[in-house]
Amino acid sequence: MPSRRALIGGVAASVAVAVLAAPQVRAQTQPGVIVVGGGFAGASCARALKRLDRDLAVTLIEPEAAYLACPFSNAVIAGLRGIEAQAFRYDKFGRYDQFGDIALIRKRAVAVDAERRRVRLEDGTDIGYTRLVLAPGVDLRFDALPGYDEASAATMPHAWKAGAQTLLLRDQLAAMPDGGIVILAAPANPFRCPPGPYERASLIAHYLKASKPRSKLIILDAKDAFSKQRLFEAAWQELYPGLIEWVPLSSGGRVTEVDPATRTLVTEFGNHKADVANVIPPQRAGAIAQSAGVADQTGWCPIDPVTFESRLQPAIHVIGDAAIGGAMPKSAFSANAQAKACAAAVAALVRERPLAQPKLINTCYSLVAPGYGISIAGVYQPRDGLLAEVEGAGGTSPLEAPLSVRELEAAYAQDWFRTITSEVFG
Amino acid sequence: MTSHDMRRAKNRRGGRSLAPVLLAAPGLLAALLASAPAWADAAPGATACTGCHGPAALGSAIPSLDGHAADEIVTQMHAFRSGERKATVMDRIARGFTEEETRAIAEWLAKPEAARHAQP
Ligand SMILES: Cc1cc2nc3c(=O)[nH]c(=O)nc-3n(C[C@H](O)[C@H](O)[C@H](O)COP(=O)(O)OP(=O)(O)OC[C@H]3O[C@@H](n4cnc5c(N)ncnc54)[C@H](O)[C@@H]3O)c2cc1C
């Protein structure tokens, strides 16, 4: 297909026409699947669909030129890694490869008409689908914590989406004088990446210990327990004694209001003034999920655990952080595993083939320090209408382990990221 | 070398020397792919493996599963499950799969890598 690629490369104006025309022309003879969102979930799903059935017309809708990955962005904040290591371009999409082409539309989807089975794009175009996969990730809720809106994030970064926010938090930490107080506000469940705030606290502590040893880090938490807690706490005591203070919900950890002008965080037990404040607000499924009518009153999307089809709208599937994954945490690993299981179900439904019961895996690594990794894993399958953990499997790294095991898990963490990003975007 | 190993080795060599021809001839490629196992055959759980276990060419600290016979994978998973083989995470994962499920996954993983990885 070099001729088509040359055409696309040569005339910018023809890009949209060529990309838009392809699935429509084919749609007359074969069904089309649209995937909205090119993150770990959506990009994996689009690729998996082509590998399952190269005759399926697959369209990926994603407005960004490059994806900025969150895993390892905590290392960027701690100055251990450049942000460019987080960027993955969509160059391999929207062109012919050995599995056929995935049409890539570089636009934002703004509305879904579930009844007519059409997706509207920001430029007003609207395209039909046989089945739609929504993978928009999360939206940060700027209406849930008094004082914390989009403007406040410029002073008190969330850094819960990788990019400018990640760099802002990094730069604020770099500019903070020694002896400063860093406050990290962690949300209640469910939220993107359950161990993420504690990995972040660890790596910030690593930075403070080396560069600003008189400083302190306080975690104000809206929960009384967190992922890999015993492992994190043991490592903090060993590596960063006296540096990190965790304030759980029951000790007044829940932040009820913030004041960006004075960098003050208010809790039921009193006020905390920070030199650097990292506020991770509550979250919900990306806005397009609300438009499609697939999000419930929790803000997240209930799904069938076999097909990932919405419980609220037919022919719309939801995967990744936006979905209610049952026992599965909102992680990039889960998003990728769900994407592949969902693709298998969508391909079967489109071709009217029997469905298989899926089985899924998650493994989340966290770095407590460079060369010190810990993990949590689980195996999942549908049970009672949800994705449930297979009993007897999964769990965390052992609490007692030689440093060599922590080093090995840190190396595995790095290489997991290389492998998964090459599978999804490479 | 078992007959399976020999078959695998042949597949690999074939894949490499054919690559330039394939790029030039999508028709031939399509014909080959039609006979190659697709993700459609993947046993439940199998495609989750490739999130960590990539192509050998990546040079990852996490071992590639390319070129391993199904029997070998089943034996190792058994050893992980029983604790006989020490692991960081595979013991925790192996315990989530029955012998039968493990066998089905192993059979798929033992197929030519071109059908499994994003970048054959
Ligand atoms: C600090 C941090 C550390 C983390 N570390 C890890 C880790 O070590 N391991 C791990 O497994 N996970 C980790 N995670 C979690 C991981 O980043 C998420 O679980 C994962 O990104 C979810 O993938 P997704 O595809 O559902 O959503 P996203 O990755 O957010 O992708 C959504 C995509 O959809 C696009 N989109 C949204 N709306 C629209 C629309 N209307 N139209 C078109 N496109 C749209 C967006 O542009 C985006 O590209 C971490 C997260 C954070 C914040």
Side-chain angles (χ1 to χ4, degrees), chain A residues 1 44 47-54 92 96 98-100 332-333 336-337 339-341 343-344 347-348 353 356-363 365 373 375-381 389-397 401 405 408-409 411-412 414-416 418-420 422-426, chain B residues 15 19 22-30 32-34 36-65 80-81 86-98 101-102 104-105 114-120:
Chain A
M1 300 284 272
S44 301
R47 282 198 155 174
L49 283 163
K50 276 313 233 189
R51 277 150 187 73
L52 281 153
D53 188 338
R54 67 195 303 280
K92 298 280 171 64
Y96 191 85
Q98 65 273 40
F99 297 102
F333 196 115
N336 171 261
K340 290 185 261 191
R353 283 196 307 258
Q357 288 286 311
K359 197 124 186 192
L360 298 105
I361 302 173
N362 175 63
T363 305
Y365 290 101
S375 65
I376 184 162
V379 183
Y380 307 87
Q381 63 192 14
E389 212 161 342
V390 174
E391 274 165 41
T396 64
S397 313
V405 169
L408 203 53
E409 291 219 283
Y412 288 165
Q414 299 261 8
D415 280 354
W416 160 76
R418 280 207 298 137
T419 304
I420 198 161
S422 115
E423 183 184 84
V424 180
F425 305 103
Chain B
L22 294 185
L23 284 177
L28 173 57
L29 176 63
L32 272 173
L33 273 172
W39 280 27
D41 308 338
T47 55
C49 304
T50 59
C52 282
H53 297 278
L58 263 182
S60 167
I62 305 170
S64 173
L65 298 174
F80 283 135
R81 212 179 306 141
K86 287 269 163 285
T88 54
V89 74
M90 277 313 298
D91 49 348
R92 291 177 258 159
I93 292 170
R95 285 197 294 271
F97 294 89
T98 65
E101 290 169 334
T102 306
I105 291 172
R116 293 184 284 108
H117 297 311
Q119 297 238 279

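Just so it is clear: chains get the letters A, B, ... in the order the sequence lines come, proteins before strands, and each one is counted from 1. Excluded from the calculations below are hydrogen atoms, water molecules and symmetry mates; all remaining heavy atoms, backbone and side chain alike, are included.
A 4.5 Å side-chain heavy-atom check between B/Leu58 and A/Arg418 finds at least one atom pair inside the cut-off.
Minimum interatomic distance between A/Ala377 and B/Ile93 (heavy atoms only, all atoms of both residues): CB-CG1, 4.2 Å. Considering all non-hydrogen atoms of both residues, B/Thr50 and A/Glu423 come closest at OG1-OE2, 2.5 Å. The two residues B/Arg92 and A/Ala393 have their closest heavy-atom pair at O-CB, 3.5 Å. Between B/Thr88 and A/Tyr412, the shortest heavy-atom contact is OG1-CE1, 3.3 Å.
Interface check for chain A: of the options B/Ala43, B/Ala46, B/Ala94, B/Ala61, the most heavy-atom pairs under 4.5 Å are formed by B/Ala61. Counting heavy-atom pairs under 4.5 Å between each of A/Ala348, A/Ser375, A/Ala401 and chain B puts A/Ser375 at the top. The candidate from A/Gly392, A/Ala337, A/Ala344 with the greatest count of non-hydrogen atom pairs under 4.5 Å with chain B is A/Gly392. The residue among B/Gly51, B/Cys49, B/Ala48 with the most heavy atom pairs within less than 4.5 Å of chain A is B/Gly51. Contacts with chain B were tallied for A/Val390, A/Val405, A/Leu360; A/Val390 has the most, counting heavy-atom pairs under 4.5 Å.
Residue B/Val89 forms a side-chain contact (heavy atoms from CB on, under 4.5 Å) with just one option from A/Thr363, A/Thr396, A/Leu408, A/Ile376, and that option is A/Thr363. When each of A/Leu52, A/Leu49, A/Asp53 is paired with B/Trp39, the side-chain contact (heavy atoms from CB on, under 4.5 Å) condition holds for A/Leu52 and for no other.
Residues satisfying the salt bridge (Lys or Arg N to Asp or Glu O under 4.0 Å) test with B/Arg95, not counting sequence neighbours, are none. Take B/Glu101 and apply the salt bridge (Lys or Arg N to Asp or Glu O under 4.0 Å) test, not counting sequence neighbours, and it matches A/Lys359.
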Criterion side-chain contact (heavy atoms from CB on, under 4.5 Å) on A/Gln414 and B/Ser60, from CA distance to verdict:
CA-CA 9 Å; A/Gln414 299 261 8; B/Ser60 167; over 6 Å; no
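Of the two parts of A/Tyr365, only the side chain, counted from C-beta on, holds a non-hydrogen atom closer than 4.5 Å to a non-hydrogen atom of chain B. Proximity to chain B (any heavy atom under 4.5 Å) is shown, for A/Ala48, by both the backbone and the side chain.
Distance check: A/Phe333 CZ to B/Cys52 SG gives 4.5 Å after rounding to the nearest 0.5 Å.
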